[in-house]
Amino acid sequence: MPLRFYNTLSSRVEEFQPLEPNKVRMYTCGLTVYDYAHIGNYRTFIFQDILRRHLRYRGYEVLHVMNLTDVDDNTIRGAKAAGIPLRDFTDKYINAFEVDAQLLNLQRPEIVVRATDHVDDMVKLIQVLEAKGFAYRSDGSVYFSVRDFPGYGKLAQIDLSGLRAGARVDSDKYDKTDPRDFVLWKAAKEDEPYWDSPLGRGRPGWHIECSVMSMKYLGETFDIHSGGSDLVFPHHENEIAQSEAATGKPFVRYWLHGEHLIVNGEKMSKSLGNFFTLRDLIAKGHKPTAIRYLLASVPFRKPLNFTFDGLHQAQQSIDRLRNFRYRLTMEKFPAGESSELQERARAARQAFEDALDDNLNTAEALAAIFDLVRDANTAMDRREFHDSDRAAFLDVLERWDRIFAVLEDNDHTKLLKFGFIATVEKSRAADAVISKEGGSGVTPNGYTSAVLTEALADEEIEKRIAERNAARRRGDFASADKIRAELLAAGVILEDTKAGTRWKRK
RNA sequence: GGCGCGGUACCCAAGUGGUAAGGGAGAGGUCUGCAAAACCUUUAUGCGUGGGUUCGAUUCCCACCCGCGCCUCCA
């Protein structure tokens, strides 16, 4: 089945055909780096990650550019409040974002760009717009003249006249001749960062950066542009206006917009204050892969209501998949193979691939893999699963996980690596550092101590399991059960299988 | 007010003009020293409400109700 996506520009699902065969150029709107990202932001990034992973799975070479907005009102305000240079301030949140991205298994885009590294390019594009009569100056700023760009509103399907009566108009104090116009270059203000340019001393408006950086790396017309649905208007509408006015060519062929994460019936957002950051959830004991699973499990065009119950359900689902993979890998099966099961594996692969081809229907792709899990487990219990069936099933799982990326149980390792948790000894050492710093609560890794929890080291766990198994062999089940209970209390779950005792962290 | 999205079982959620995927949770059973995991059985005559089209609608059309988003910085 052909790959197809819902394109905001046409309001319908369209077959996907890149400009250049086998190659996809895509741009995604990243973060404004003035604070830790919340999981609503990550819902969109995970959708985009699944998009790029599926494109690659389908054999496309993907050239993916993501921007980071590191100059705007919020970043300027934050840097000022912190009393540090803008660049230092935004660096902090870019670093935090990169840690989060690794925890969530987000593939790094081929190109990640910062707005402040492209100011010269933005100035040049604004000059082109001026030369072509799409821009005008006012009070040291430069504006885009919407009335001069036919087709404005085609993405958001905004009726221009609707913007007048009763509409809340831009509260910005800059002077525009038409309320619909938007700023390309903002005149420098007292006490704010600025760039000297032929346009005067100032800084770029928000929308221009995405036009400039996307076209610089992807060309004047490229395949996919995506972001959260809140960016449709005005951000992406304005990008189209700027880019197409400057080049006279179509800007983007497929616009993909992700729906929002909802909390208690409302959009999760900074301004409403109803948000969780990734580290908030980690501090509550939740695992990044469970968060990834939850955020990936609902197709991107549907609002997703975030609840802790949902997060728990996600963890349970991952555990089921991992338990299956463990069994598939470790259990002994009779020699030979079953053509029926081989066919079953083939069908499951087909089903999940078709689901993703269909506008990234992740819910259906999940159903496909769970169907397979149940059927395979049933066959195993009936002794109908054979040794040579193993590879086919592992192959389907591995392929499925190239997209979902949740099967690897490496949360613990990563959380240790980034200092969110520590082994008992290291945790005490970190506490000592924190108290020496006068209770600032920041570890050498830069994370607050509230996030640190203690964990048993692997060797300690294995030692206790050996003790328990010795007790079991003696028939001393009381001692064995005591050890199991103690480990459970420390967050370690034991399972006795035919292949020996297996353990995993809760 | 304009534009858009959505209302499916206890919870999350897919889906189709022909009689409701999947996950979680609950109940009963099998297996196990006991657990855990796994398996089996079971939980929507029903898909917001009312009309209409049709042999047949949850799926198409109309109206209405409810929730949310965007229209202002925002993933």
Side-chain angles (χ1 to χ4, degrees), chain A residues 8 11 28-32 34 37-48 69 72-74 153 156-159 161-172 206 226-235 237 257-262 265-272 293-294 297-299 301-305 307 309-324 326-327 331 351 355 358 361-371 373-374 376-382 472 475-478 480-481 484-485 488 493-498 501-504:
Chain A
T8 308
S11 304
T28 59
C29 284
L31 271 184
T32 302
Y34 69 102
H38 59 66
I39 56 169
N41 299 121
Y42 288 125
R43 192 213 175 170
T44 299
F45 299 149
I46 285 169
F47 139 57
Q48 291 162 342
T69 301
D72 80 319
D73 290 348
N74 288 316
Q157 301 187 60
I158 294 272
D159 177 8
S161 56
L163 270 178
R164 275 188 273 105
R168 290 162 293 177
V169 180
D170 196 341
S171 60
D172 224 328
W206 175 37
S226 91
S229 63
D230 53 348
L231 297 186
V232 173
F233 193 89
H235 185 53
E237 194 69 56
H257 291 101
E259 264 304 330
H260 288 132
L261 195 61
I262 304 294
E266 282 182 313
K267 171 184 165 184
M268 179 177 285
S269 75
K270 285 277 160 60
S271 50
L272 291 171
Y293 182 101
L294 173 64
S297 64
V298 177
R301 296 232 317 131
K302 292 253 190 168
L304 194 171
N305 194 30
T307 62
D309 185 46
L311 194 49
H312 175 254
Q313 292 182 11
Q315 184 65 58
Q316 295 297 311
S317 301
I318 291 178
D319 287 347
R320 179 166 164 82
L321 293 170
R322 288 179 181 166
N323 286 333
F324 172 67
Y326 181 85
R327 184 178 190 191
E331 200 164 312
D358 183 12
N361 191 335
T362 48
E364 209 168 292
L366 288 173
I369 210 71
F370 278 109
D371 278 341
V373 169
R374 189 195 53 245
N377 272 323
T378 302
M380 289 175 189
D381 280 4
R382 291 182 183 157
R472 288 174 72 210
D476 181 3
F477 295 116
D481 290 352
R484 184 168 65 194
L488 182 62
I493 297 167
L494 301 194
E495 288 174 18
D496 298 320
T497 73
K498 284 180 187 137
T501 300
R502 176 192 178 200
W503 67 271
K504 58 190 177 185

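Order of the sequence lines fixes the chain letters, A, B, ..., with proteins taken first and strands second; residue numbering starts at 1 for each chain. From a predicted model like this one, the values you see are computed outputs, not experimental measurements.
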Between B:rA75, B:rG15, B:rG69, which nucleotide has the shortest distance from any of its atoms to the side chain of A:E266? B:rG69
Using only modelled atom types and a 3.5 angstrom limit, is any donor from either the side chain of A:Q313 or the base of B:rC11 paired with an acceptor on the other? yes
Classify the nucleic acid contact of A:D309 as base, sugar-phosphate or nothing, counting any heavy atom under 4.0 Å across all strands shown. sugar-phosphate
For A:M380, which contact category applies under a 4.0 Å heavy-atom criterion: base, sugar-phosphate, or nothing? nothing
So A:K267, base contact, sugar-phosphate only, or nothing? Heavy-atom distance under 4.0 Å. base
Looking across every strand, which nucleic acid part, if any, lies under 4.0 Å from A:L261 by heavy atom: base, sugar-phosphate, or nothing? base
Side-chain N or O of A:R320 closer than 4.0 Å to phosphate OP1/OP2 of B:rA37: no
So is the aromatic ring of A:F45 stacked onto the base of B:rA75, judging by whether the centres are under 5.5 Å apart and the planes are under 30° apart? no
So does A:N377 get a side-chain nitrogen or oxygen closer than 4.0 Å to the phosphate oxygens (OP1/OP2) of B:rC39? yes
Side-chain donor/acceptor contact of A:R484 with base of B:rA35 under 3.5 Å: yes
Would one find a side-chain N or O of A:R374 under 4.0 angstrom from OP1 or OP2 of B:rG22? yes
So what does A:S297 hit on the nucleic acid, given a heavy-atom distance under 4.0 Å: a base, only sugar-phosphate, or nothing? nothing
Is there a donor N/O on one and an acceptor N/O on the other, under 3.5 Å, for the side chain of A:R301 and the base of B:rC5? no
Mind checking A:F370 for me? I need base, sugar-phosphate or nothing, with any heavy atom below 4.0 Å counting as a touch. sugar-phosphate
